[in-house]
There are 2 protein chains.
Amino acid sequence: MRLTTKGRFAVTAMIDVAMHGGGGPVTLAAVSARQRISLSYLEQLFGKLRRSGLVDSVRGPGGGYNLAKAPDQVSVAEIITAVDEPIDATQCGGRENCHDDRRCMTHDLWAGLNDHIFSFLSGVTLAHLVQQQQQKADVAVMKDHRQPPGGSTAPKVPVSETV
Amino acid sequence: MRLTTKGRFAVTAMIDVAMHGGGGPVTLAAVSARQRISLSYLEQLFGKLRRSGLVDSVRGPGGGYNLAKAPDQVSVAEIITAVDEPIDATQCGGRENCHDDRRCMTHDLWAGLNDHIFSFLSGVTLAHLVQQQQQKADVAVMKDHRQPPGGSTAPKVPVSETV
DNA sequence: GTTTAGTTGACTAAAACGTTCGGGTATAGG
DNA sequence: CCTATACCCGAACGTTTTAGTCAACTAAAC
């Protein structure tokens with residue numbers, strides 16, 4: 001499980017689709033405009049998301065992308081692994097013939113850590129993030145109006161509960 | 001918090017130092033040979049680890065690196081952030097002036113997720129990983145030749161044991 | 001049949017990754 | 001002293017990944 005901006009873009013775009021998908025498919029052009037992500041880059045990402053079964057596409061005018069599953073059935077881990085193919089941190093490529101005195105510790109080590117990060121991110125669904133985002137929007141509306149970007153750090157909203 | 005092989009190499013190397021640091025400093029040449037990581041790359045990584053206060057260096061013959069803190073006081077999160085400088089997934093660079101209808105959700109979103117991943121990795125210490133590694137070595141010895149010494153240590157490792 | 005919008009592939013500049021090289025400086029041992 | 005060891009530093013390199021662009025295509029709505 002790699003963790004880069006690529007996966008984050010994908011999650012951001014998926015949240016956008018989840019939040020704007022009420023009235024039919026969401027076009028990538030709209031996502032691109034709202035999230036300031038290059039349209040062609042989004043096309044690449046959504047190609048993978050579609051092939052991974054996370055979104056459905058509708059072609060032609062009025063088309064776009066829909067979530068293939070309910071927002072509470074789509075985890076962050078799924079999205080990230082869909083667009084961010086995993087890398088191998090072990091030199092042995094998963095085999096155990098890498099060392100003489102002891103087998104390389106890298107393999108089990110990162111398999112274990114990976115498992116934990118993965119299961120954590122599997123517990124965070126789109127529904128969680130959408131809810132958090134809407135909650136924040138409410139707060140913003142409430143305290144908006146000529147409020148300059150003062151140094152008030154945003155309140156840390158818990159993303160999920162226990163895994 | 002980025003998660004690449006770079007940080008994993010650093011953690012692997014730190015585990016190596018923790019496990020072989022009993023009799024004085026550990027040379028990077030030894031780590032390089034054991035972990036199959038390029039010596040010069042290790043030098044770069046340990047330069048950052050040293051500047052971050054995670055290791056102490058001893059120059060000259062017989063020198064090498066020691067852990068600056070006890071293994072149970074060094075978390076994986078510290079190691080990774082020491083060598084893997086964070087990236088910014090927000091186009092606004094942390095400012096909030098990025099959008100018209102709503103502020104870009106990327107910022108708080110990933111701040112929250114980052115917090116969770118970070119706090120998780122902060123709970124995993126070098127001591128945990130060393131213990132897990134030694135435990136695995138014991139099992140290997142048991143499967144190899146003869147009876148292992150004494151009772152098996154309690155597996156209170158927060159890292160899962162299987163793939 | 002034109003327009004919309006997904007689909008695909010090739011291509012590119014920039015960044016990051018991992019490595020190699022070539023030089024330094026401090027120190028232990030002879 | 002000298003020399004070997006091993007940390008220290010920075011530059012350069014080739015590769016991969018990012019992020020984006022461009023072009024051509026297909027399906028569907030009007």
Side-chain angles (χ1 to χ4, degrees), chain A residues 1-13 17 20-21 24-33 35-52 54-68 80 83-91 106, chain B residues 1-13 17 20-21 24-33 35-52 54-68 80 83-91 106:
Chain A
M1 162 139 298
R2 188 160 29 179
L3 212 53
T4 68
T5 54
K6 193 176 186 177
R8 301 177 196 228
F9 280 155
V11 175
T12 303
V17 172
H20 294 88
V26 180
T27 69
L28 291 191
V31 177
S32 171
Q35 305 302 331
R36 300 286 195 274
I37 305 174
S38 144
L39 175 59
S40 295
Y41 197 32
L42 280 176
E43 286 174 348
Q44 291 177 35
L45 297 180
F46 273 77
K48 293 184 176 184
L49 293 173
R50 185 178 56 84
R51 283 187 284 273
S52 297
L54 295 180
V55 294
D56 290 326
S57 61
V58 181
R59 301 176 73 145
Y65 285 94
N66 290 307
L67 295 184
I80 290 182
V83 301
D84 229 357
E85 54 247 49
I87 51 173
D88 189 17
T90 65
Q91 286 86 346
T106 328
Chain B
M1 162 140 297
R2 189 160 26 184
L3 209 56
T4 68
T5 53
K6 192 176 185 177
R8 302 177 194 227
F9 279 156
V11 175
T12 303
V17 171
H20 294 89
V26 181
T27 70
L28 291 191
V31 177
S32 172
Q35 304 302 331
R36 301 286 194 275
I37 306 175
S38 141
L39 176 59
S40 294
Y41 198 33
L42 279 176
E43 285 175 347
Q44 292 176 35
L45 297 180
F46 273 76
K48 295 185 175 184
L49 293 173
R50 184 178 55 83
R51 284 186 284 273
S52 297
L54 294 181
V55 294
D56 290 326
S57 61
V58 181
R59 301 178 69 145
Y65 286 94
N66 291 306
L67 294 185
I80 290 182
V83 301
D84 229 355
E85 55 248 48
I87 52 173
D88 190 16
T90 66
Q91 287 85 346
T106 329

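Lettering follows sequence order; numbering is per chain, from 1.
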Between L42(A) and L28(A) the two heavy atoms that sit nearest each other are CD1-O, 3.7 Å

Taking any heavy-atom pair under 4.0 Å as a contact, classify Y65(B): base, sugar-phosphate, or nothing. sugar-phosphate

I need the CD-P distance between Q35(A) and dA19(D), as an integer number of Å. 15 Å

Would the base of dC9(D) count as contacting Q44(B) through its side chain, where contact means a donor and an acceptor less than 3.5 Å apart? no

Rounded to whole Å, how long is the line connecting atom CG of L42(A) with atom P of dT7(C)? 13 Å

Rounded interatomic separation in angstrom, taking CG from N66(B) and P from dA6(D): 14 Å

Would you mind classifying the nucleic acid contact of S40(A) as base, sugar-phosphate or nothing, using non-hydrogen atoms under 4.0 angstrom? base

The side chain of T27(B) lies closest to which of these nucleotides: dT19(C), dA6(D), dG6(C)? dA6(D)

Test for a donor-acceptor pair under 3.5 Å between the base of dT27(C) and the side chain of R59(B), counting only N and O atoms. no

So which atom in K48(A) and which in V83(A) form the shortest heavy-atom distance, rounded to 0.1 Å? NZ-O, 3.4 Å

In this structure, how many angstroms lie between the P atom of dA15(C) and the CZ atom of R2(B), rounded? 13 Å

Report the nucleotide, chosen from dA29(D), dG6(C), dA19(D), that has the shortest atom-to-atom distance to any side-chain atom of P61(A). dA29(D)

Winner on side-chain proximity to S38(A), out of dT21(D), dT20(C), dA16(C), is dT21(D)

Does a side-chain N or O of R50(A) approach OP1 or OP2 of dT7(C) to a distance below 4.0 Å, or not? yes

Rounded off to whole Å, could you give me the CG-to-P distance for the L28(B) and dC9(D) pair? 13 Å

Here the distance between atom C1' of dC17(C) and atom CG of L3(B), to the nearest Å, is 15 Å

Here's a test of your reading of the structure: between E43(A) and V26(B), which maps to the more 5' nucleotide of DNA chain D? V26(B)

Over how many whole Å does the gap from L45(A) atom CG to dT17(D) atom P extend? 15 Å

Kindly say if Y41(A) contacts the phosphate of dA19(D), meaning a side-chain N or O under 4.0 Å from OP1 or OP2. yes

Taking 4.0 Å as the cut-off, does a side-chain nitrogen or oxygen of R51(A) come that near to OP1 or OP2 on dT8(C)? yes

Tell me whether S52(A) contacts the main-chain N or O of L54(A) through its side chain, where contact means a donor paired with an acceptor under 3.5 Å. no

Rounding to a whole Å, what distance do you find between I37(A):CD1 and dT18(D):P? 15 Å

Would you indicate which nucleotide in dC17(C), dA19(D), dG20(D) comes nearest to any side-chain atom of K6(A)? dA19(D)

Please pick, from dC17(C), dT5(D), dT18(D), the nucleotide with the shortest atom-to-atom distance to any side-chain atom of D84(A). dT18(D)

Taking for each residue the nucleotide of DNA chain D with the nearest heavy atom, is it G60(A) or L39(A) whose nucleotide lies nearer the 5' end? L39(A)

Looking at dA16(C), I'd like to know if its phosphate oxygens (OP1 or OP2) sit under 4.0 Å from a side-chain N or O belonging to T4(B). no

Quick one: label V55(A) by what it contacts on the DNA or RNA (base, sugar-phosphate, nothing), any heavy atom closer than 4.0 Å. nothing

Over 60° means perpendicular and under 30° means parallel, so tell me whether Y65(A) and F46(A) are parallel, tilted or perpendicular. tilted

Minimum side-chain heavy-atom gap R2(A)-I80(A) below 4.5 Å: no

Using 0.5 Å steps for rounding, measure from the CG atom of L45(A) to the CZ atom of R50(A). 13.0 Å

